[in-house]
Structure formats: structure tokens, C-alpha cells
Amino acid sequence: MAAVLQPNAIPTVKLLINGVWRDSNSSDWRDIVNPATQEVLARVPMCAGGEIDEAIASAAEAFKTWKNTPIGQRARIMLKLQELIRRDMKKLAACLTAEQGKTLPDAEGDVFRGLEVVEHAASIGTLSLGEMAENVASGVDTYFIRQPIGVCVGITPFNFPAMIPLWMFPMAIVSGNTFVLKPSEQDPMTTVLLAQLAIEAGVPPGVLNIVHGGKQAVDRLCTHPAVKAVSFVGSCHVGEHVYNLASTHGKRAQCMMGAKNHAIVMPDANKDQALNALVGAAFGAAGQRCMATSVAVLVGEAANWVPDIVAKAKTLKVNAGTVVGTDVGPVISKQAKARIEGLIAKGVAEGCILDLDGRNPNVDGYPSGNFIAPTILSGVKPHHSVYKEEIFGPVLVIVSVDTLDEAIALTNANPYGNGTGIFTQSGAVARKFQNEIDVGQVGINVPIPVPVPYFSFTGSRGSKLGDLGPYGKQAVHFYTQVKTVTARWFDDAAVDGGKSGGVNTTISLK
Ligand code: NAD
């Protein structure tokens, strides 16, 4: 919702350009709303061309010196940043819960998973080593070095306002690039706090810039001639647009997108462990995780476990994220709530069984929060809307199949390939699954298999565009370009004496 700026009434979210925090001169502003209370926490500007260009210009100028800043100096800024994030963990989590809605412990988890990337970024020395081969021809050596590419851009979604920005800017800048980050306009305040900590940690002016906005800002970032790479995390339709736009304009692009994560429950699974994991992964963060389990595939006799899943889901406490003991907070906005409820209704209309209806729960003290309690639909078939669409809410759909082969075929036929999991006590079954499943992140008795930062996040099929993922070694590759050098050094006293064969007109190295 666009709102007219009323100076001094409600705080405004600032831009960071060339090391200076300042107000936008945009005439278009949007409210940031606490999803549990509807309180307007701040207003964020929807920037367009001029301010975006200024941020990019500041990053381009800063790159001239930052790219040659010694590795150790860059790494020490990351060491400092991790210390500051730890210091401010509670403050970051409180801000995150206020603007995003997830529970305070889960907000700390959001910050912590990003903090792990910052810690890993401090290893940039070993992560960015080149390679060398001596004597590739007589007296000739070849080596490659990794160099930063220039101004890089990050565009982030609402659901992880700490972790996902931290997937991006630490790896980009520690690799010697400069960065322009555009957080989600729905909850940009946590990202702003992180950027403040980055400045406090010693990131020089222009190396990290923050802009705000929506499509106009994103389109400018993806087309500006000075931008070299775009990292995007968000929905499929926006990610496809960003990938096409950025690629057409000659930029590297990586887009991590939507999901419909299937958890396969085998009848030999440890039932209690498997169902606890399933219910936590389906309803934690109100289902607003790209790695949430949104489809349970019950194989064979496990189809009889629907009542047990419903019973566990019923035990989860729905409340504001600040209330101790809450399991499921509100969804991000009234629009998201209406969309999710609409999909539940569509599922019922299309013939799915509504085993647990979480619409309009009574939440004491928070009558206007965007709450939906855990909802379960079974008897779901691949043609049902609740199966085909990413619901991104606390809704678990259950499909029953007879065999593991059917479960694998079903998962592989789904357009998305972000995450999946299998619950079984059989190593042979798990190994077959790991081998045959076409999904980026696979969990074996692990419900949300988000890799730690020494690996990289990935994705398959409709969930990812671009071949390199965020964080880990793949991010170093994304944010650097390889230069190979082939060198021959002559001893000053050396004379050819015909040894080299004189003038070489062939492509062979001699
Ligand atoms: P979104 O696509 O609506 O927004 C993402 C970013 O794109 C935001 O910064 C937003 O301002 C911008 N944007 C929105 N509309 C745009 C447009 N028309 N043109 C250009 N830019 C636009 O996503 P969201 O709702 O904030 O986040 C939820 C989605 O993100 C879900 O689909 C979820 O699966 C996905 N996600 C994926 C991953 C992953 O790693 N694969 C991680 C987290 C979230």
C-alpha cells in the first residue's frame, strides 16, 4: 500500500549511499506493518532511477580501491562483523519478529544461519586461491587468479530478512566487489540494521549500498551498464523476469526461486521422529520458508498416519512471534493471508479432504493479526491447485502412493526442485532416493536440509536459474572471474642458440 510521507510522524527507512544514511526523495512510500498487530512500524521509499543510479555510481567508484584492498583486511572486517552480529543478536531478532512475524527463537535462527556465512566469508584467503602448473611448455608456467568482477547487486525476499542478505553481501564484498542491496520492501529494517553493523565493522563508503523499492528499482539494477552480477532470491515469476532482464543486459545472474518441497515418508521410518520433523518443517515460520515441507508423500502403510500428523499439528501454539512458547506466528500480510485462505477453499472445492482447518484461529490479544493455524489437506492429487501452486503458508498437503518409485516419479514430475526429504530406516532406500531424485537439497531423516556455508545452496529445475548458487565456494566463483596467465621468463644471460626453433608461427607452445 503506497502512503504519502508525513515527516516526523512515523520513522522512515533510510538509504545507504556512499557510506551516508539518508532519506529518499521519493514521493512513493509504503508502510511496513507488524503482521501480528497491524502497527505501522516505519515507511519505506519506493526508489526509482536517480537514487538507484547514485548507489551504483558510488559502488563503481569504491570498487577502484576496494578491489585492491588486501585479502586479510577484507577478511578482518568479516571477523568484526560476525562479532557485532553476535553482540546485537537479540536486537536483530526483535526487529525481525516485529516486521516479519516469525517467532523470536526462529528469528535468532534466521540471523544465525546468516552469521555462519559471515564466519565462512572470513576464510576468503583459502577460498579464492588460484592454481598453477609449472612447465606447461619449455620454461613456461600457467596459472589462474580469481579477480572480483565489480558492482554486484542483491535482491532479497521477505521471508528471511537476515539470512538471505547475509548469503549475498558478505561473500560479494569479501571477494573484492562492491554491492548494492535491495531488501524486500515488506521488511527491510532488519537488513538495514545488518548494514549498519557492516559499516561499524569497517566496510568503507560505497562498498555496501542499500536502496529500497520494488519493480522499478529492480529493473534499473538489472539493466544498469555498470552492474556486473545480480543475485536474486524470491518467487519464480519475479526470478524469471530478473534472470532474463539481467542476462539480456550482459550480467551474471543467479536466481533462487519458489518451491514445493516433498517429504517422502516410508512405512519403515521411525514414526515419531519422522512426524515431528514433518510437522515442524511444514508449519514452522508459518510455512513461509522456501525449504518448508509443503507436500507429505506417504508411502504404503504410512498413509494410515494422517490422524497422527493432524494430532501433532494441533499441539502447535499459534500466537504473536514475541509470545514465549509460540510455534506458529502470523503470515506476512493481509494479502498473503487472503491468498492462502483462498487456496485452502479451492482445495476443498476441488475435492481434497480438509483434515485440519486453521482458518481464522482465535488468538487472544492479537485480534487483527494475519494468523492461519496449521491446516492439513489429504487425498490430494497432482491436478489439484493446492498441489500445483506454492502456497507459502502453514498448509500441508498430503499425497498417498504405493511405492518409493511412485514417490520419486511424483517429486521429479513437480515443476519445482528446491528441497526434499526422505524418512526411512533403510540405507538402501535412502541411497536410491538420493541418486534418483532431481532436487537440489536432499534431506535423509533431516527435514530442512539447508546446507551449511562450506557448501552452497542450490536448487533444481523451476527453483533455480543460473548455474552457481549463493554462499560457499560457488559464491566465490559467482563473484569472481578467472584470469589465466601463461608466462615465460628469460634469463637475462640466455641466448637462443636455435633451441627454440626460431620464429614459431604455430599455435603450439614450444
Ligand atoms: P517476491 O518475488 O515477491 O520478491 C522478491 C524480491 O523481488 C523483492 O525484493 C521484491 O521487491 C522484488 N519484486 C517483487 N515484484 C517484482 C517485480 N514485478 N519485478 C521486479 N522485482 C520485483 O518474493 P517474496 O514474496 O518476497 O518471497 C517469497 C518467495 O521467495 C517464495 O516464492 C519463496 O519460495 C521464495 N524463496 C526462495 C528461496 C530459495 O532459496 N530458493 C529462499 C527464500 C524465498
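Both counts, for ligands and for their atoms, begin at 1 and track the order of listing.
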Could you say whether the N/O atoms of [X] and ligand 1 ever approach to under 3.5 Å?
X: Met257; answer: yes
X: Ser235; answer: yes
X: Phe457; answer: no
X: Asn159; answer: no
X: Glu390; answer: yes
X: Gln186; answer: no
X: Pro157; answer: no

- Measure the acute angle between the ring planes of Tyr479 and Phe179, then classify it against the limits of 30° and 60° as parallel, tilted or perpendicular.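 Correct class here is perpendicular.
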Would you mind checking which non-hydrogen protein atom is closest to [atom], with the distance to 0.1 Å?
atom: atom 26 (O) of ligand 1; answer: Phe158 N, 3.0 Å
atom: atom 15 (N) of ligand 1; answer: Val238 CG2, 3.5 Å
atom: atom 17 (C) of ligand 1; answer: Lys215 CB, 3.7 Å
atom: atom 42 (C) of ligand 1; answer: Cys290 SG, 3.0 Å
atom: atom 35 (C) of ligand 1; answer: Gly234 O, 3.1 Å
atom: atom 7 (O) of ligand 1; answer: Phe232 CE1, 3.5 Å
atom: atom 11 (O) of ligand 1; answer: Glu185 OE1, 2.6 Å

Do [X] and [Y] have side-chain N/O donor and acceptor atoms under 3.5 Å apart?
X: Arg220; Y: Gln216; result: no
X: Thr190; Y: Glu99; result: yes
X: Asn18; Y: Glu61; result: no
X: His241; Y: Lys215; result: yes
X: Asn261; Y: Thr420; result: no

If the cut-off is 4.0 Å to any non-hydrogen atom of [X], which atoms of ligand 1 fall inside it?
X: Ile155; value: 6 (C), 7 (O), 9 (O)
X: Val218; value: 20 (C), 21 (N)
X: Gly213; value: 11 (O)
X: Asn418; value: 41 (N)
X: Gly258; value: 32 (O), 34 (O)
X: Trp167; value: 40 (O)

- Message: With a 4.0 Å cut-off on heavy atoms, is Ile164 in contact with ligand 1?
- Response: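 Contact present.
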With side chains defined as the heavy atoms from C-beta onward, is the minimum distance between [X] and [Y] less than 4.5 Å?
X: Val386; Y: Cys352; value: yes
X: Pro183; Y: Phe158; value: no
X: Thr178; Y: Leu208; value: no

- So, do His120 and Tyr471 have ring centers that fall under 6.0 Å from each other?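 That pair fails the under 6.0 Å test.
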- His262 ring center near Tyr416 ring center (under 6.0 Å):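 Ring-ring flag for His262/Tyr416: false, centres at least 6.0 Å apart.
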- Item | Partner of Thr375 under side-chain contact (heavy atoms from CB on, under 4.5 Å), chosen from Ile340, Leu354, Leu356, Val397 |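 Going through the options one by one, the only one that passes is Leu354.
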With backbone taken as N, CA, C and O and side chain as the heavy atoms from C-beta onward, which portion of [X] lies under 4.0 Å from ligand 1: side chain, backbone, both, or neither?
X: Phe392; value: side chain
X: Tyr416; value: neither
X: Val242; value: neither

- Task: Could you please spell out the steps behind the side chain to side chain contact (heavy atoms under 4.5 Å, CB included) verdict for Thr411 and Ile408?
- Result: CA-CA 5 Å; Thr411 309; Ile408 292 173; 5.9 Å; no
- Decide whether a cation-pi geometry holds between Lys228 and Phe63; the criteria are a distance under 6.0 Å from NZ or CZ to the six-membered ring centre and an angle within 45° of the ring axis.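 The answer is no; the distance or angle limit is not met.
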- Message: Could you check whether atom 9 (O) of ligand 1 has a protein contact, counting only heavy atoms that fall below 4.0 angstrom?
- Response: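 Protein heavy atom within 4.0 Å of atom 9 (O) of ligand 1: present.
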- Message: Within a 6.0 Å radius of atom NZ on Lys334, are there more than 12 heavy atoms belonging to other residues, nucleotides or ligands?
- Response: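 Yes, enclosed.
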